[in-house]
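What follows is one structure encoded as structure tokens, with my remarks underneath.
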Amino acid sequence: MEEAAGERTNLAGVRHILLVLSGKGGVGKSTISTQLALALRHSGRRVGIMDVDLCGPSIPRMFQVQDSDVHQCDSGWVPVYVDQDKSISLMSIGFLLEKPDDAVVWRGPKKNALIKQFVADVAWGDLDFLIVDTPPGTSDEHISTVEALRPHKLLGAILVTTPQAVSVGDVRRELTFCKKTGLRVLGIVENMSGFVCPHCSECTNIFSKGGGEELAKHAGVPFLGCVPLDPQLSQSSEEGRDFIQDFPKSPAFPALAHIAQQILDGTSQQSS
């Protein structure tokens with residue numbers, strides 16, 4: 001659905017909106033959101049990240065802009081820009097907390113109101129992609145996010161899992177959530193799929209392998225790829241560096257580039 005005729009919203013200049021979901025915490029949604037944004041930026045796209053993980057906002061830290069402030073303009077909040085080119089913009093509750101260690105102890109209605117504000121009141125400008133980094137689960141924040149974004153150009157969702165059966169089981173519930181809310185699943189990413197030795201680059205399956213691919217096959221949705229657990233990727237996320245630029249020889253690099261390319265291919269097919 002498009003915006004009502006004559007009604008200009010802050011998301012009017014956003015071409016595609018992409019949700020990153022998982023039924024489980026700790027599977028690397030924020031890492032995948034960050035790396036996907038960087039990969040799309042390297043493909044010449046302008047990208048925004050809306051961090052709706054209100055209790056664990058890690059996106060500002062992953063771009064090393066956690067000390068930035070959000071300013072007001074005529075059309076609402078100005079997002080925080082990562083670079084001078086303004087090719088990646090961010091909005092997170094992390095920018096709104098008085099102290100970085102403040103806990104967000106809020107009931108559902110207050111969380112839902114802030115999510116609606118992030119959707120309506122952030123001046124995103126012209127973006128090729130808006131990536132929405134979500135908290136774990138299928139509860140209040142997810143329903144509010146999907147409902148608030150439904151009138152706009154919601155492309156679909158990427159589901160992130162790790163290979164173990166426990167994680168895959170929780171992500172299976174996320175597939176049910178997508179079905180119930182009418183959210184298109186663009187595909188599943190298996191994160192932490194093997195550990196890359198920093199010395200010899202051999203990949204060892206310390207958890208297991210193939211759970212995400214098996215789930216995608218069973219659910220009849222695309223499998224976007226496996227991203228190995230690479231200490232270089234963890235280090236670049238900790239330090240807010242551009243992993244795709246700094247570590248092109250990492251085994252995680254082609255995996256992330258392949259996932260981004262599939263998203264680009266999917267949007268070009270949708271446009272044609």
Side-chain angles (χ1 to χ4, degrees), residues 1-22 29-30 32-53 59 73 75-82 86-92 112-135 138 141-160 174-175 177-189 221-222 224 259-272:
M1 285 190 291
E2 304 294 335
E3 293 91 355
E7 183 187 341
R8 176 85 184 174
T9 73
N10 274 334
L11 289 175
V14 177
R15 295 179 63 199
H16 305 290
I17 302 172
L18 181 66
L19 270 68
V20 178
L21 302 171
S22 177
K29 285 182 300 298
S30 297
I32 294 296
S33 297
T34 299
Q35 299 308 324
L36 186 55
L38 289 167
L40 291 167
R41 194 259 302 266
H42 281 291
S43 298
R45 280 21 179 224
R46 293 176 74 87
V47 187
I49 303 182
M50 184 191 295
D51 182 4
V52 297
D53 190 349
I59 290 292
C73 68
S75 49
W77 285 334
V78 179
V80 169
Y81 295 102
V82 170
K86 299 186 176 181
S87 59
I88 297 183
S89 51
L90 313 175
M91 177 51 72
S92 170
N112 298 346
L114 184 65
I115 288 169
K116 286 173 184 168
Q117 210 170 349
F118 276 6
V119 171
D121 294 343
V122 178
W124 291 106
D126 291 331
L127 295 178
D128 294 296
F129 289 92
L130 178 63
I131 298 170
V132 184
D133 184 32
T134 67
T138 56
E141 291 99 317
H142 303 79
I143 297 165
S144 294
T145 302
V146 172
E147 285 181 351
L149 291 172
R150 202 181 292 283
H152 307 282
K153 296 156 189 165
L154 192 51
L155 174 64
I158 290 177
L159 273 54
V160 182
E174 201 74 40
L175 280 165
F177 169 82
C178 291
K179 198 170 182 180
K180 284 189 172 180
T181 54
L183 189 57
R184 179 181 163 217
V185 176
L186 300 175
I188 293 174
V189 172
V221 300
L224 299 176
I259 291 164
Q261 190 56 52
Q262 288 179 89
I263 299 300
L264 290 169
D265 291 347
T267 57
S268 61
Q269 284 172 13
Q270 197 181 52
S271 306
S272 56

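Every value quoted in this text rests on a predicted model; they were computed, and no experiment measured them.
Between N112 and I143, the closest side-chain pair of non-hydrogen atoms is not below 4.5 Å. Using a 4.5 Å heavy-atom cutoff, the side chains of T138 and T181 are not in contact. Residues I131 and L40 have side chains in contact (heavy-atom distance under 4.5 Å, counting atoms from C-beta outward). Residues P135 and H142 have side chains in contact (heavy-atom distance under 4.5 Å, counting atoms from C-beta outward). The closest side-chain heavy-atom distance from L36 to F129 is not below 4.5 Å. Using a 4.5 Å heavy-atom threshold, the side chains of E141 and V52 count as separate. Side chains of E147 and K116 form no contact here, defined as non-hydrogen atoms less than 4.5 Å apart. For the pair H152 and I17, the minimum side-chain heavy-atom distance is below 4.5 Å.
Note that CD1 of I263 is 8.5 Å distant from CD1 of I259, once rounded to the nearest 0.5 Å. For the atom pair L224 CG and Q262 CD, the distance stands at 5.0 Å (nearest 0.5 Å). Remark: L159 CG to L175 CG distance equals 5.0 Å, nearest 0.5 Å. The line from CD1 of I188 to OG of S22 is 10.0 Å long, rounded to the nearest 0.5 Å.
Evaluation of the side chain to side chain donor-acceptor pair (under 3.5 Å) rule for Q261 yields D265 as partners, not counting sequence neighbours. For R41, the salt bridge (Lys or Arg N to Asp or Glu O under 4.0 Å) partners are D83, D242, not counting sequence neighbours. In this structure, the side chain to side chain donor-acceptor pair (under 3.5 Å) partners of D51, at least two apart in sequence or on a different chain, are S92.
With hydrogens and angles ignored, the 3.5 Å screen pairs no side-chain donor or acceptor of S43 with any backbone N or O of R45. A distance-only check finds no donor-acceptor pair linking the side chain of D133 to the backbone of I49 [under 3.5 Å].
The two atoms that bring V20 and T134 nearest to each other are O-OG1, 2.7 Å, heavy atoms only.
Across L114, I115, D121, a single residue satisfies side-chain contact (heavy atoms from CB on, under 4.5 Å) together with F118, and that is L114. Partner M50 forms a side-chain contact (heavy atoms from CB on, under 4.5 Å) with one of L90, I59, V122, L130 and no other, that one being L130.
By the 4.0 Å N-to-carboxylate-O rule, R15 lies close enough to D128 to be salt-bridged with it.
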